[in-house]
There are 2 protein chains.
Amino acid sequence: MPTIKDVARRAGVSLGTASRVLSGGGNTSPKARSQVQAAAAELNYIANGPARSLRSTRTNVLGLLVSDIRNPFFSEIAHAAEREAMRLGYTVLLANANEDETQADEYLRIFASQRIDGLLLAPQGPASPQLESMLKSGLPVVLLNRLVEGLDAPSFATDNSQGVGLVLDWLQTRGHRDVAFVGGPNSISTGAERMAAYRAGRESHGINTDDAFIDAGDFLADGAERAMMRILERGKRPTAVFGANGPTTLGALRALRWVLGASEASRVEVVSFDDLEWFEFVSPAISAVRHDAAAIGTAGVTGLLELIAGQPVASQRISTTFIDRSV
Amino acid sequence: MPTIKDVARRAGVSLGTASRVLSGGGNTSPKARSQVQAAAAELNYIANGPARSLRSTRTNVLGLLVSDIRNPFFSEIAHAAEREAMRLGYTVLLANANEDETQADEYLRIFASQRIDGLLLAPQGPASPQLESMLKSGLPVVLLNRLVEGLDAPSFATDNSQGVGLVLDWLQTRGHRDVAFVGGPNSISTGAERMAAYRAGRESHGINTDDAFIDAGDFLADGAERAMMRILERGKRPTAVFGANGPTTLGALRALRWVLGASEASRVEVVSFDDLEWFEFVSPAISAVRHDAAAIGTAGVTGLLELIAGQPVASQRISTTFIDRSV
DNA sequence: CTGTTAGCGCCTTCAA
DNA sequence: TTGAAGGCGCTAACAG
């Protein structure tokens, strides 16, 4: 691998000039520029990132920690974040917390060791000591989609109560009274917010306020399936089911079919927070709140870069739309 | 951020001793060890990765280039690869080629600049010059799921002809003669292999060999939808449709419903290469070949690390299973 | 505008 | 077993 020294020698300039042409914005003559660039191209020179980082204390790498990349919502965020970062000259290091705080912490240490310039966090639960210490050390951090109690960082998140409001309106229009709600963990802000908004809005939308219609899982399909089972085991027979995120809706659907059978289950209308590409194929088709994962990822990156640049950054709530697939 | 110097001073030892304790396996006294470790813990010392990499010419970072992380198959691979890499002390830098060779090349340059220790490649098309040059420079590379012509690297891929064989058997058992096949691009090995295996097996499985029943998209939903449209526009009315990967099946389904209407479409049986979590909810339920993305990711990482260690690595074909959801 | 020089933090010889 | 010293490739400060 050629070094910048090789480039300089071949271009017939000093090391400093080569460096200025190749990265520093310092003033250089057109002649030096073209010579250096030609030499670099001929040698197929690619700068040594670690050396550059060591010297400049900047890596141009952002860390992105999500709870599960297999969740389409997060893979969409990751995709968008990565595109935007790349456009702005940054690379994204992706990590899966895997619903596991220990693993999340381990990744945070790796991020710290790699000396990332900033952190995009779509966290699972509360702030860990590791995270606290990184924040305290001055690392710029931005929260995606979820808030963390006592963590003072700008956030870019879906407007959950607005989204739940759309669902409530729809339920009312469709004339549903006995609605089952399958939520997510209370320890995750999205879980808590969606649950709270739903409970608060039931009465005004003519929905049965019997809490036996409500249960919560872990925002994964299996946990949601069990939660839906519990509701059904209580003898409740809802005319509609509301799943609080994509995997939750999937799990609820499985439980419905398992317990009631396919034909009986198809008499229950399902509505979801998170729109999945296959909802149109289920019968009856599933209506859903669509929130813009790509917008969250993109806004998160631009926000983080502003933070890195030392500018003040305001949190943002991103509002949702409703995809009505009834009739 | 504390440096190793701070740790050494606090532990009352020299810089060299601290380094040996913290990373080098060199001989150290128990006393020195405990002192250094205590000091490191107290200071919350985290080694500077770039500095370490600069010195040791190893980064413990692997690059993973996929065509689209939003495709569940690739997100599963990424997830598994990352887990396995982490278990073995490596970090994964993820990049989306986005079906775009230019972007893929740009990421390859970034990888090179970051001085990754090895590359996991789930490529789009043929080998680019950038890729060739990285290979020539001695970077260990492993291919995931797809082969690349003229690229001499071990591969970990689904056994496509075996998988297609399972589908053919199933089609025969179900008594289908007029089967539509929606394939992928010929430029991608998986597209070419699945198409070839299907064509070769039609006759022996009692399937109509009229090529008007065959068309190909780009392995994405939109392209597949158009391909399916073309087949229908030719006046062909299949009793079954075979989609050559997950997004392709999704697109074919959309076209079927769009052209024939939901009730007519539900008289067509659909079968897919790639099993998606929602296939059970469609009616009739979609049967599918399931290939083990996680196994590919895991095997790819262990293979790559062997390659890095200088050991010989053999390519692997991973065989598939069939999920029969008929009746 | 350019060349020279001094480290960034770490690992790894080389002596002791 | 330990301390001292050199240098990985690069950028930035300083003279010219």
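This structure is a prediction, so every number in the text was calculated from the model and none was measured. Chain letters run A, B, ... following the sequence lines, proteins first and then strands; every chain starts at 1.
Side-chain contact between A/Gln114 and B/Val61 is present, with heavy atoms from C-beta onward closer than 4.5 Å. Residues A/Leu94 and B/Leu64 fail the side-chain proximity criterion, which asks for heavy atoms closer than 4.5 Å. Between A/Leu305 and A/Leu62, some side-chain heavy-atom pair lies under the 4.5 Å cut-off. By the 4.5 Å heavy-atom criterion applied to side chains, A/Tyr45 and A/Leu22 are counted as neighbours.
Close approach of DNA chain D to chain A, defined as any atom under 4.0 Å from a non-hydrogen atom of the protein, starts and stops at D/dG9 to D/dA13.
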Kindly list each side-chain donor-acceptor pair under 3.5 angstrom involving residues 5-12 of chain A, sequence neighbours excluded, with atom names and distances?
unit_1	atom_1	unit_2	atom_2	d
A/Asp6	OD2	A/Thr3	N	2.8
A/Arg10	NE	A/Glu42	OE1	2.7
A/Arg10	NH2	A/Glu42	OE1	2.6

Do B/Val301 and B/Arg87 pass the side chain to side chain contact (heavy atoms under 4.5 Å, CB included) test, and can you show the C-alpha distance, the side-chain angles, and the key distance before you say yes or no?
-> CA-CA 10 Å; B/Val301 168; B/Arg87 203 175 66 77; over 6 Å; no

Scan nucleotides 11-16 of chain C nucleotide by nucleotide, 5' to 3', and note B when protein non-hydrogen atoms come under 4.0 Å of the base, S if they reach only the sugar-phosphate, - if neither.
-> BBB---

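Nearer the 5' end of DNA chain D, as judged by each residue's closest nucleotide, is the contact made by B/Ala32, out of B/Thr57 and B/Ala32. Closest-nucleotide positions on DNA chain D for B/Leu54 and B/Thr28 were compared, and the one nearer the 5' end corresponds to B/Thr28. Mapping B/Asn48 and A/Arg33 onto DNA chain C via the closest heavy atom, the residue that lands nearer the 5' end is A/Arg33.
Shortest non-hydrogen contact noted between B/Ile69 and B/Asn96 is N-OD1, 2.7 Å. For the residue pair B/Val141 and B/Leu304, the shortest heavy atom distance occurs at N-CD1, 4.2 Å.
Atom P of nucleotide C/dC10 and atom CE of B/Met1 are separated by 11 Å, given to the nearest angstrom.
Using a 4.0 Å cut-off between charged nitrogen and carboxylate oxygen, A/Arg109 and A/Glu106 do not count as a salt-bridge pair.
Axis orientation changes by 40° from one end of the helix from C/dC1-D/dG16 to C/dA16-D/dT1 to the other, with each end axis drawn from 5 pairs and the value rounded to 10°.
Using modelled atom types, one finds a donor on one side chain and an acceptor on the other under 3.5 Å when comparing A/Thr28 with A/Arg33.
Applying the side chain to side chain donor-acceptor pair (under 3.5 Å) rule to pairs touching residues 296-313 of chain B yields nothing, sequence neighbours excluded.
Contacts between residues 106-118 of chain B and DNA chain D, defined by a heavy-atom separation below 4.0 Å, involve no residue at all.
Of the possible polar contacts, one joining the A/Asp117 side chain to the A/Asn60 backbone as a donor-acceptor pair under 3.5 Å is found.
Remark: B/Leu65 CG to B/Phe74 CZ distance equals 10.0 Å, nearest 0.5 Å.
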